[in-house]
There are 2 protein chains.
Amino acid sequence: MGQSNPNLLPVDEARARLREYAISPTEQRVEIARVIFARHQHLSAEQILSLLAQRASRVSKATVYNTLNLFAEKGLVREVVIDPAKLFYDSNLNPHHHIFHTDTGELEDVDPARVDISNLPALPAGKELLGVDVIIRVGGERRSR
Amino acid sequence: MGQSNPNLLPVDEARARLREYAISPTEQRVEIARVIFARHQHLSAEQILSLLAQRASRVSKATVYNTLNLFAEKGLVREVVIDPAKLFYDSNLNPHHHIFHTDTGELEDVDPARVDISNLPALPAGKELLGVDVIIRVGGERRSR
DNA sequence: TTGCGTGCAAACGCTTTGCATATTA
DNA sequence: TAATATGCAAAGCGTTTGCACGCAA
């Protein structure tokens, strides 16, 4: 025992991360955090649920959704909307953009240095810039020629 | 009679547009096209359905969805994914980006000249660039201060 | 006429909700 | 112990599907 699992953040690190964001570290939240924050990755609620199910962790569907919403609100993860039927939760908080592979359904990170957003229209007074998403869609085989 | 309704494209123009894209101009498709292409706008399936319902046009839900999917496939409209629970169909085919107002749920166009996407990672062989979406999220009142 | 399009309602899949139980601080 | 979180199952909501009928060419 004691060897670290690359797919699972150590418990104490997960707990520390929750504390940082003023979230009380319940058992289930810690389990979910261990999965999400094991590395930079993009997971859907469904994927997280099944990763948890593969282990002893029995966390209910409702709790997974509640927790993901909470994490997104508090800023631990970033919601990425790509597929109308599925949200991705991005554990990489560094500003970056995404390449979405339509054939595999996977997301790939893109260094924001490669993208310049300049000179946006002025925002209406009292409104806040919540974020800029750049999503590059990449598809399977080239159709026709 | 004869005066043009700014919310409705004339029938003959709608039919012409469908012909351009090799889509047979059925009654329902023409009605849907008249609504969508009356001007540049972003409509959800639900909105289109209710705009049609306000008029005599009785077009079923399934037909609206079928038709929107068809239009998107054929390139008459562009699908924009913003809200996981809702697709928008954009009748503006000119390349452009979007500001999404989270409070009103509305989309606003952004001139692509304001955004530079440079120097993207090389695409894997055999893959095609399907499109680049830039979505700028703008929220209600500034929270805290 | 003959295939394609349409309408209806039921099915689907992801997400949320209601409420009783259990856990946290 | 007072507040918050969890689990379960049912409800919600946008979208898709199956199938019989109807229209376009």
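These figures come from a predicted structure and were not determined experimentally. Naming convention: chains lettered A, B, ... in sequence-line order (proteins, then strands); numbering from 1 in each chain.
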Distance test, side-chain N/O of A/Thr63 to OP1/OP2 of D/dG7, below 4.0 Å: yes
d(OH, B/Tyr89; P, D/dG14) in whole Å: 13 Å
Whole angstrom value for the distance that separates C1' of D/dT6 from CG of A/Asn69: 15 Å
Any donor-acceptor N/O pair, A/Gln41 side chain to A/Ile36 backbone, under 3.5 Å: yes
Phosphate OP1/OP2 of D/dG7 contacted by A/Gln28 side-chain N/O (<4.0 Å): yes
Closest-nucleotide 5' rank along DNA chain D - winner of B/Thr26 and B/Asn66: B/Asn66
Given D/dA9, D/dT6, C/dA9, the nucleotide with the shortest approach to the side chain of B/Ala62: C/dA9
Nearest-angstrom distance from the residue atom CD1 of B/Ile23 to P of D/dA24: 16 Å
Ionic contact status for A/Arg17 with A/Glu20, cut-off 4.0 Å: no
Exercise: do A/His42 and A/Asp109 side chains pair donor with acceptor under 3.5 Å: yes
Distance in angstrom units between A/Glu73 CD and C/dT15 P, rounded: 16 Å
Presence of B/Arg29 side-chain N/O under 4.0 Å of C/dG5 phosphate oxygens OP1/OP2: yes
d(CZ, A/Arg58; C1', D/dA5) in whole Å: 16 Å
Heavy-atom neighbours of A/Glu27 CD exceed 12 at 6.0 Å: no
A/Glu27 vs B/Ser60, nearer the 5' end of DNA chain C by closest nucleotide: B/Ser60
Given D/dT6, C/dT6, C/dC14, the nucleotide with the shortest approach to the side chain of A/Thr67: D/dT6
Residues, nucleotides or ligands: over 12 heavy atoms within 6.0 Å of A/Arg55 CZ: yes
Rounded interatomic separation in angstrom, taking CG from A/Leu49 and P from D/dT6: 14 Å
Short side-chain N/O contact from B/Tyr65 to OP1 or OP2 of D/dT16, under 4.0 Å: no
Length of the line joining B/Lys74:NZ and C/dG5:C1', which is rounded to integer Å: 14 Å
Separation of D/dT15 P from B/Gln47 CD (nearest whole Å): 11 Å
